[in-house]
There are 2 protein chains.
Amino acid sequence: MLRLSKLTDYAVVVLVRLSGGAAVQTSPGIAGATGIPEPTVAKVLKALAAGGLVTSQRGAHGGYRLSRPLATIPIAEVIAAIDGPIALTACVDGSPTSCEVLGLCPVRGRWDPVNTAIREALTAITLADMQEAAIPRAFRVPLPEQAPAAPVDVSSVPLAE
Amino acid sequence: MLRLSKLTDYAVVVLVRLSGGAAVQTSPGIAGATGIPEPTVAKVLKALAAGGLVTSQRGAHGGYRLSRPLATIPIAEVIAAIDGPIALTACVDGSPTSCEVLGLCPVRGRWDPVNTAIREALTAITLADMQEAAIPRAFRVPLPEQAPAAPVDVSSVPLAE
DNA sequence: CCTATTCGGACCCACTCGGTCCTGTTTCCG
DNA sequence: CGGAAACAGGACCGAGTGGGTCCGAATAGG
């Protein structure tokens, strides 16, 4: 369904949560604040740390901390960290395992422009954009100085559907 | 992984194949020409017919026929026909089943701009664009007059990844 | 030096999806 | 008028992956 995993959704929630509050936060702490099951939060944080989006501090009084401000993190990076590289089909041109119907497949490698278009759309939107007006006033904490994060102008093409 | 189903890939292959050759083609015929298993082709065609992209003719000497030229079919429609509506997360704002952590979820409904961006990217690309230079010379049949299908210019944004 | 706390990696279960098959209905040919 | 060809709709089964849980490793504090 072209839907990304729920983990990625959680990742966005976690990252946004991580931007507010204390500098370093623990998995249970974030879980409690977001309502996401604790093990799942830990798993997400783990993947995020592997992707370099958050830095971890082990040991007592450890936890996680944002590596970069939200405005510099495009959605594409979050998706890549959680769900792996963005590729709609298995037939990406660099794939080692070519499809078995290679000789006949008429659209071999033709998904590339689609992949590229999607990747660009995802790269143009940062987490700060999603945070904009997302957090109700009650949850809104005074962030130091979150850049306005260049407004995304993808509305030039009329939406047929 | 933000990957769409293999069925959608097949659908594109089938539709492109359907654009060449005879006016009406049978499932076995398309299967033989594309190398895709026959039952799978039938399933794809069925979904495509339900989506209105192809018209079916029952009975002996029946088969499937394109409803519209490739240039007027955006990828988004194919995906919608096969994989259902394009929505990256379950938390689309019109969803009847609100997520259980609704009260705490800080990015509730914030995926909409992402969904919109992707939908636009997918709507801007038609099947004719994927057919362009996709079919090797050997397979290229003299199509009557397939519109050049306005080149998609999505390469204005530099790709970070 | 020991202990508590927290991250890190490995494991397992369940769900959805890809793929197949069968039966029924419709239409053309003999 | 009967048979064959082809689509339509459903159910069924297996594989892959997402989602959740557990235990071990590392580090700061006492």
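Per chain, numbering begins at 1; letters A, B, ... match sequence-line order.
Considering only side-chain N and O atoms, A:T26 lies nowhere under 4.0 angstrom from the phosphate OP1 or OP2 of C:dC7. Taking only side-chain nitrogens and oxygens, B:S27 never comes nearer than 4.0 Å to OP1 or OP2 of D:dA6.
With B:T8 as reference, B:D83 is the one residue of B:D83, B:V13, B:V44 to meet the side chain to side chain contact (heavy atoms under 4.5 Å, CB included) rule.
We find that CD1 of A:I82 is positioned 13 Å from C1' of D:dG19, with the value rounded to whole Å. Remark: P of D:dA6 and CG of B:L45 are 13 Å apart, rounded to the nearest angstrom. As a whole-Å value, the separation of A:I36 CD1 from D:dG19 P is 12 Å. At whole-Å resolution of the value, CG in B:L48 and P in D:dC7 are 13 Å apart.
Side-chain contact check for B:L7 versus B:T40: some heavy-atom pair is nearer than 4.5 Å. Between A:L45 and A:I30 the shortest side-chain heavy-atom distance falls below 4.5 Å.
The side-chain contact (heavy atoms from CB on, under 4.5 Å) check on A:R58 picks up nothing, with sequence neighbours excluded. Partners of A:P39 according to the side-chain contact (heavy atoms from CB on, under 4.5 Å) rule, which considers only residues two or more places apart in sequence or in another chain, are A:P37.
Connection of A:L70 to A:V24 is not established within any shared hydrophobic cluster, with ILVMFWY side chains joined at heavy-atom distances below 4.5 Å, either directly or through further cluster members.
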Per-nucleotide protein contact string for nucleotides 20-30 of chain D, where B marks a base within reach and S marks sugar-phosphate only (heavy atoms under 4.0 Å, - for neither): BB---BSBS--
